[in-house]
Amino acid sequence: PEEFLNYFSYDLNAPKNGDVFGVTTEISECPWNKDHKMMFVGLKTGGMDTEEIPVSNLVFLIDVSGSMKSDDKLPLLKKSLNEFVDNYAGEGRLSIVTYSGEETLILEGEDLNNKKEIKRAINGLNANGCTNGQRGMERAYEIAAENFVEGGVNRVIMATDGDLNVGISDPDDLENFIKEKKETGVFLSVLGFGSGNYNDVTGETLADKGNGNYSYIDCIEE
């Protein structure tokens, strides 16, 4: 059902005249059963004023192992992050931790307004080596804690092709670790790239445990 819903575009009616939300409705024939109809109901709130975005403390935990070399993995990730940096209107800081044979702190607490420096760090990422994150996940959360913003957006954003060797090997231990960190106010989001060994369920589960978002990225539009 989730993939079925994701097939459609959602160009919904915005609220008008002070309404809380806009409503879009549509009814059509059901493609697989002529005796049935399909009805769509969409609700959309107003857009967020960029001045209302809380101060952000973002830590990207990025898989740079050899398996990330293909065009739909690290190269697409780098393009995506460049888009993010160019378009993000909020204030705050951004850090980057990578993991392959070991975890590496690439960027710590860089002002989000310093777009040139952030993009230089992103564009310098290369995929090589084995996937053994050592303590990559723990390191990312440590950096998030050091730059914690009271009342702000404090988030670790993991980008991977599914090799979750981030220093905590047992799945239950990893989930419990993420749930514990959620209570400190640091949430986890997961971005999935590539195909083959990619596990959709694992990425989504970790994001759910971390009170964050999960997205699968297969093209720059996504």
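Computed from a prediction, not measured in an experiment: that's the story for all the values here.
Contact check on K73 versus D63 returns no salt bridge, with no Lys/Arg side-chain nitrogen under 4.0 Å from an Asp/Glu carboxylate oxygen.
When all heavy atoms are compared, the tightest approach of D161 to S67 is OD2-OG, 2.8 Å. For R139 against L105, the heavy-atom pair with the smallest separation is NH2-CD2, 3.6 Å. Looking at every heavy atom in both residues, S65 comes nearest to A127 through O-CB, 3.3 Å. When all heavy atoms of K69 and N128 are compared, the pair lying nearest together is CE-CA, 4.4 Å. Residues A207 and Y214 approach most closely at CB-CB, 3.8 Å, considering heavy atoms. Considering all non-hydrogen atoms of both residues, F193 and S80 come closest at CE2-OG, 4.2 Å.
Between the side chain of N126 and the main chain of G124, a donor-acceptor pair closer than 3.5 Å is present. For the pair N154 (side chain) and N57 (backbone), a donor-acceptor distance under 3.5 Å is absent. Here the side chain of D19 pairs no donor or acceptor atom with the backbone of P15 at under 3.5 angstrom. Put simply, the side chain of Y216 gets close to the backbone of G194: a donor and an acceptor are under 3.5 Å apart.
Scored by the side chain to side chain donor-acceptor pair (under 3.5 Å) test, N114 finds E110 as partners (sequence neighbours excluded). Not counting sequence neighbours, the partners of D208 by the side-chain contact (heavy atoms from CB on, under 4.5 Å) test are E204. Residues satisfying the side-chain contact (heavy atoms from CB on, under 4.5 Å) criterion with K44, sequence neighbours excluded, are L12.
Summarising the local packing, CG of D11 is surrounded by 12 or fewer heavy atoms from other residues, nucleotides or ligands at distances under 6.0 Å. By the neighbour-count criterion of 12 heavy atoms within 6.0 Å, atom CG of D71 is sparsely surrounded, having that number or fewer from other residues, nucleotides or ligands.
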Side chain to side chain contact (heavy atoms under 4.5 Å, CB included) evaluation trace for D72 with D218: CA-CA 7 Å; D72 60 347; D218 60 358; over 6 Å; no

Criterion side chain to side chain contact (heavy atoms under 4.5 Å, CB included) on L74 and I62, from CA distance to verdict: CA-CA 9 Å; L74 187 60; I62 300 175; 4.2 Å; yes

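In the hydrophobic clustering of this structure, I53 does not group with V55; members are Ile, Leu, Val, Met, Phe, Trp, Tyr whose side-chain heavy atoms approach within less than 4.5 Å, directly or through other members. Hydrophobic clustering, with ILVMFWY side chains joined whenever heavy atoms are under 4.5 angstrom apart, groups V190 together with L174. Taken together through direct or relayed side-chain contacts under 4.5 Å among Ile, Leu, Val, Met, Phe, Trp and Tyr, Y10 and V41 form parts of separate hydrophobic clusters. V149 and V156 fall into different hydrophobic clusters, where Ile, Leu, Val, Met, Phe, Trp and Tyr residues are linked whenever their side-chain heavy atoms come under 4.5 Å apart, directly or through other members.
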Table please: side-chain donor-acceptor pairs of residues 91-98 below 3.5 Å, with sequence neighbours left out.
from, atom 1, to, atom 2, distance (Å)
E91, OE1, N113, ND2, 2.9
R93, NH1, G109, O, 2.7
S95, OG, G109, N, 2.8

Name each donor-acceptor pair under 3.5 Å that joins a side chain in residues 176-184 to protein atoms two or more places apart or in another chain, with its distance.
from, atom 1, to, atom 2, distance (Å)
N176, ND2, D172, O, 3.1
T184, OG1, K181, O, 2.5

What side-chain donor-acceptor pairs closer than 3.5 Å can you find for residues 21-32, not counting sequence neighbours?
from, atom 1, to, atom 2, distance (Å)
T24, OG1, N13, N, 2.8
T24, OG1, N13, ND2, 3.3
E29, OE1, K37, NZ, 3.4
E29, OE2, K37, NZ, 2.6

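Taking 4.5 Å as the limit, some side-chain heavy atom of M158 sits within range of a side-chain heavy atom of M137. Inter-residue side-chain proximity for T205 and E175 is flagged as met; some heavy-atom pair is nearer than 4.5 Å. Here the side chains of L107 and F60 are not in contact, with every heavy-atom distance at 4.5 Å or above. Using a 4.5 Å cut-off on side-chain heavy atoms (C-beta onward), V186 and V59 make no contact.
Atom CD1 of residue I143 and atom CG of residue L58 lie 13.5 Å apart, to the nearest 0.5 angstrom. Taking CD1 of I106 as the start and CD1 of I122 as the end, the distance is 11.5 Å to the nearest 0.5 Å. Here CD1 of I217 is found 5.0 Å from CD of E222. Values are rounded to the nearest 0.5 Å. Atom CD of E142 is separated from atom CZ of R135 by 4.0 Å, given to the nearest 0.5 angstrom. Atom CG of L206 and atom OG of S189 lie 11.5 Å apart (nearest 0.5 Å). Rounded to the nearest 0.5 angstrom, L77 CG and K79 NZ are separated by 11.5 Å.
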